[in-house]
Amino acid sequence: MQNEENKETIEAPEATAEKAIEVEGSDRSVFGWKAILILILSIALSLYHLYTAGFGLIVSTNQHLFIHLLAGLILIFLIFPRKKGLGQTTIVWYDIVLSGVVLVVGSFVMMNQTHQTILQGNMEISHMIAGIIMILLLLEAARRVVGKPLLIIAIIFIAYYFLGDYIPAPFGHGRANFEQFIYEMMYTSTGILGTPLSVSANYVFIFILFGAILEATGAGKMFIDLALRAVGHFRGGPAKAGVVGSGFMGSISGSSVANAVTTGTFTIPLMKKVGFRPQTSGGIEVASSSSGQLLPPVMGAAAFLMIEYTPYSYAQIMISALIPAVLTYIAIIWMVHIEAVKHNIQGLAKEQLVSGRKSFIQQGYLIVPIIALVYFVIAGNTVFNAAFYAIVMLLTVAILAHRLRARFGAGLLIAGVLAAISYGMHHFFGWHIEISGMIAIGTFICVFFVFFQNKFKMDAAPVKFGFREIMVSLEMASRKALTVIAACATAGILIGIINLTGLSGSLPTIIVGFAGDNLIIVLFFTLIACLIVGLGLPTTATYVILASMIAPALIEMDVPIMAAHLFVLYYGVLADDTPPVNLPAYAVSGIAKSDPIITGVQGFKYDAGALLLPFVFVMNTIILFLPENQGMFAWYEIAWALFAALIGVLAFVTVIQNYMFVKYRWYEFVLALSSALVFVHPAFVSDLIGIALFALLVCIHLLRKKSIDRRKGANGAEVTA
C-alpha cells in the first residue's frame, strides 16, 4: 500500500503539468523524433535562460530578446495546433513550415537590427516584408496559445492606429503611417521588442523555471500535507488547506492554471469527500490558485513588469503587496468557513492526516531555496541573479536529499565534487562565489534533514529527483513560458500603438475630465475597465495594458504610483477569474467533475471577498508600507489601519455569502454592506462606525444562533421523548 502511495506521489507532478498544458490550449500528442525535437528545443531554451540569469548575456540585448521570441514562436507552432479538438498525433506539415518561416525570417530580422538603413530609421523592402511576416506570425501564435480575445484586442488596436483620421476627438489622431508602423513594431524597442518582452526574457522565464523544478520535486503535495495538518481538522478543513497550500504554490509557480491543476489534484477530492459540492470545490481551488499571482515573492509576472513601470525595487514591491495579499487569502478562508458553517461541513479526523512532522522532515528542505530567493532579493542582488542562486540551491537539495539518505558517503562525495568544481570555476573563470555557497549550504541542509530522518526512523522523500526529473522540469518550464512569451510580445504591439498615437497621454486626461475631481468615480470606472480588458487575457497582458492606459489616470488624481499599479493588478487578476473565459476553471472542472462555467462563477465569488480591498489601500496607503510614507505614521496608526482593513474584508465576505452564523435578514444584510463600505473612507470616525456596526451584527447573530440551537435542542428532546 505504501508503495502505491509513493508511486502516485512520484507521478503527480508530471501528470498534472501535462494536464495544465492541455487545458491551456494544446491537445496535440507527438511521438518519435518530433517529440524529441520539441524536447531538445524546450530544454535548450531553459538552459539558455538559466545561463544568462547566472552569467549574463552572450549576445546583444536585442538579439537576446529575439532568441527568446523566436524559440517561443517555433515551439508554439510545433506544440499547439491551429485549433483544439483535432486530436492530432503528429505535427502537421503547415506547422513545420510556419516554424521554419519563423526561424528564417526571424533570423533575418534579428541579423539586420544593426543594418545601416535600420540604424538611420529607414527600411528596405526586404526589411518591411520580413517585419510584416513576423507580426502576422506572432498574432497567429498568440491566437493559438493565449486565445482569440488577445487577437481581437490586437486587431482593434491596429485598426485604431490606421483609422485614427476617421475617429472623432478626443480619441482621433492623424499619425497613421504603414512604414513607420512596421519599423516601430519590429525594429525598435517601442513595439514587440519593448518592455513586456524584455521582462518575459529577463525575469519571468527564470522564475517559471524555478517553479517548474519545485513542482517536479513534489513540493505541491508537501505544501498541501502541511496545510492539511495545520487546518484540515477544522470545519471545512480540506478547503482551507487547499487555500493555504495553493497560496504557497501559487506565489512561486506564477501560473494560475498550472497551480490549480497541481494542487487541485490533491485538494478537490478531499473537499468533495467532506461535503463540498463539486462546483464549489473547483471554485475554491480556482480562487486560491489565481490569487497566488498577488502573493510575494513571485506574484506571477506582474511584479517584474511593475519594476519597469514604477520607480520601485522588487523588494519594495514585495513589501507593499504582502498585506493586501494576506488579506485576500484571509477573505477566501473566511468565505470557505462560512460555506462550511452553512452546510455543516466538518473537517477530517486527525488520524486521517499525514503527520506534519513527517512531511516537514521528509521534504522541508525544499522551503530553504524559497527563503534564499527572498534573502538575495532583499540583499540587493538583481532579481534574475537571485532566482539563479535559488535554483542552484533547489537543484542541490533536490538531487542530494534522496541520495544522502540512501548512500550517505556517495552523496557527500557528489556534493564535494560539485562544490569543488564551482569554486574552481570561480577562481579561474570568475564564476560567482555564491554558486559554491549555495551548493555548500544546500548540502548542509540535506545532511541536517537526513540526520533527523535517521533519528526518527523516517523514509526518504517520496520523490526521487534525478536526471529524468531535471529534463522534465526544463521542458515544462519552456512549455509554461509560451503563453507569457506570446502575450508579452503581443502586448508590445499594443503599448507601441498607445505611445505612437498619443493615447497614453490623452486617455488619463479624458478619464479625469469625465469624472471630475471624484476619485471614487475614477476608481469605479477603472474597476470596470480592468474587468473588461482582462476578460480572456492572461494577467500579464492585462496588467501591461492597464499599467499603460489606466494607471496614469489614477496617478494624475494624486494616487501614489504603487497604489495605482497594485489597484489595476488586483482587478486584472480578478478578471482572470471572470467567466466565461476562465482557464483555471476549465482546468479544475475535469478534476471536480463539474460544469466549467458554474465552476468559474464560484471561483469569481470566492475571489470577490476582497473586492473592495483595492479601494481601501488606494484611499489609505498606510497598509502598503510605501517608502514615501516611512516615518509618517506611528505604530498604533499602522496597527489600527490593518485592523480596520481586516474587519472591512470580513464584513464584505459576509455580504457576499449573505450569512454569518445564520442567514442574514434583509436589514442585517444592509448593515453588513454599510459596515464594509464605510471602511473605504480613511477616517478614524468612519472606521469606528464600521467596527461598531460589524460588532453589533456579530452580537445579533450569536444571539440568533443560540436561540436556533436552543429550539433545535428542545425539538430534539421532544422527539426523543
Side-chain angles (χ1 to χ4, degrees), residues 224 227 231 234-251 256-257 259-261 263-264 266-268 270-272 274-295 324-343 345 527 531 534 539 570-589 591-592 594-614 646 648-660 672 676:
I224 294 298
V231 298
F234 293 117
R235 273 187 182 272
K240 293 174 181 176
V243 174
V244 175
S246 296
F248 275 119
M249 201 65 202
S251 68
S256 55
V257 174
N259 184 34
V261 175
T263 56
F266 306 115
T267 59
I268 290 175
L270 287 175
M271 292 187 219
K272 293 171 65 177
V274 297
F276 285 98
R277 293 171 297 176
Q279 63 268 29
T280 303
S281 303
I284 292 170
E285 184 58 50
V286 166
S288 52
S289 294
S290 298
S291 293
Q293 297 173 91
L294 305 172
L295 190 63
V326 170
L327 289 173
T328 298
Y329 272 92
I330 289 175
I332 299 174
I333 291 174
W334 180 228
M335 186 91 75
V336 167
H337 179 76
I338 292 177
E339 188 76 22
V341 171
K342 270 185 182 182
H343 302 287
I345 298 174
L527 184 160
L531 294 181
T539 308
Y570 262 67
Y571 290 121
V573 170
L574 188 62
D576 192 37
D577 272 359
T578 305
V581 186
N582 185 330
L583 290 180
Y586 282 88
V588 303
S589 60
I591 302 171
S594 60
D595 181 89
I597 301 297
I598 298 176
T599 302
V601 171
Q602 288 292 311
F604 182 86
K605 169 187 171 182
Y606 279 87
D607 248 350
L611 184 67
L612 296 180
L613 183 59
L646 173 62
V649 165
L650 297 180
F652 192 68
V653 166
T654 65
V655 171
I656 294 176
Q657 287 282 34
N658 194 29
Y659 199 100
M660 189 185 299

Minimum heavy-atom distance [X]-[Y], with the two atoms named:
X: Phe652; Y: Ala608; answer: CE2-O, 3.4 Å
X: Thr599; Y: Ser594; answer: OG1-OG, 2.6 Å
X: Gly242; Y: Thr267; answer: CA-CG2, 3.6 Å
X: Tyr606; Y: Ala287; answer: CB-CB, 3.7 Å

Item checked: Residue of the set Leu611, Leu294, Leu527, Thr328 for which side chain to side chain contact (heavy atoms under 4.5 Å, CB included) holds with Leu574 -> Leu611
Check: What is the distance from atom CD of Gln602 to atom CZ of Phe276, rounded to the nearest 0.5 Å?
Finding: 11.0 Å
For the residue pair [X] and [Y], establish whether any side-chain heavy-atom pair is separated by less than 4.5 Å.
X: Val244; Y: Ile333; value: yes
X: Glu339; Y: Arg277; value: yes
X: Thr280; Y: Ile284; value: yes
X: Ile332; Y: Ser291; value: yes
X: Glu285; Y: Met271; value: yes

Next item on the list: Please report the C-alpha distance between Ile656 and Met335 in whole Å, then the side-chain angles of each, then the deciding distance to 0.1 Å, and finally whether the side chain to side chain contact (heavy atoms under 4.5 Å, CB included) criterion is met.
Entry: CA-CA 9 Å; Ile656 294 176; Met335 186 91 75; 4.0 Å; yes
Check: Okay, side chain of Ser589, backbone of Tyr586: is any donor-acceptor separation there less than 3.5 Å?
Finding: yes
Notebook entry, point to check: Can you check whether Pro324's main-chain N or O pairs, donor with acceptor, with Tyr570's side chain at less than 3.5 Å?
Noted result: yes
Notebook entry, point to check: Going through the checks in order, is the side chain to side chain contact (heavy atoms under 4.5 Å, CB included) test met by Gln657 and His337?
Noted result: CA-CA 10 Å; Gln657 287 282 34; His337 179 76; over 6 Å; no
Notebook entry, point to check: Between the side chains of Ser290 and Asp607, is a donor N or O closer than 3.5 angstrom to an acceptor N or O?
Noted result: no
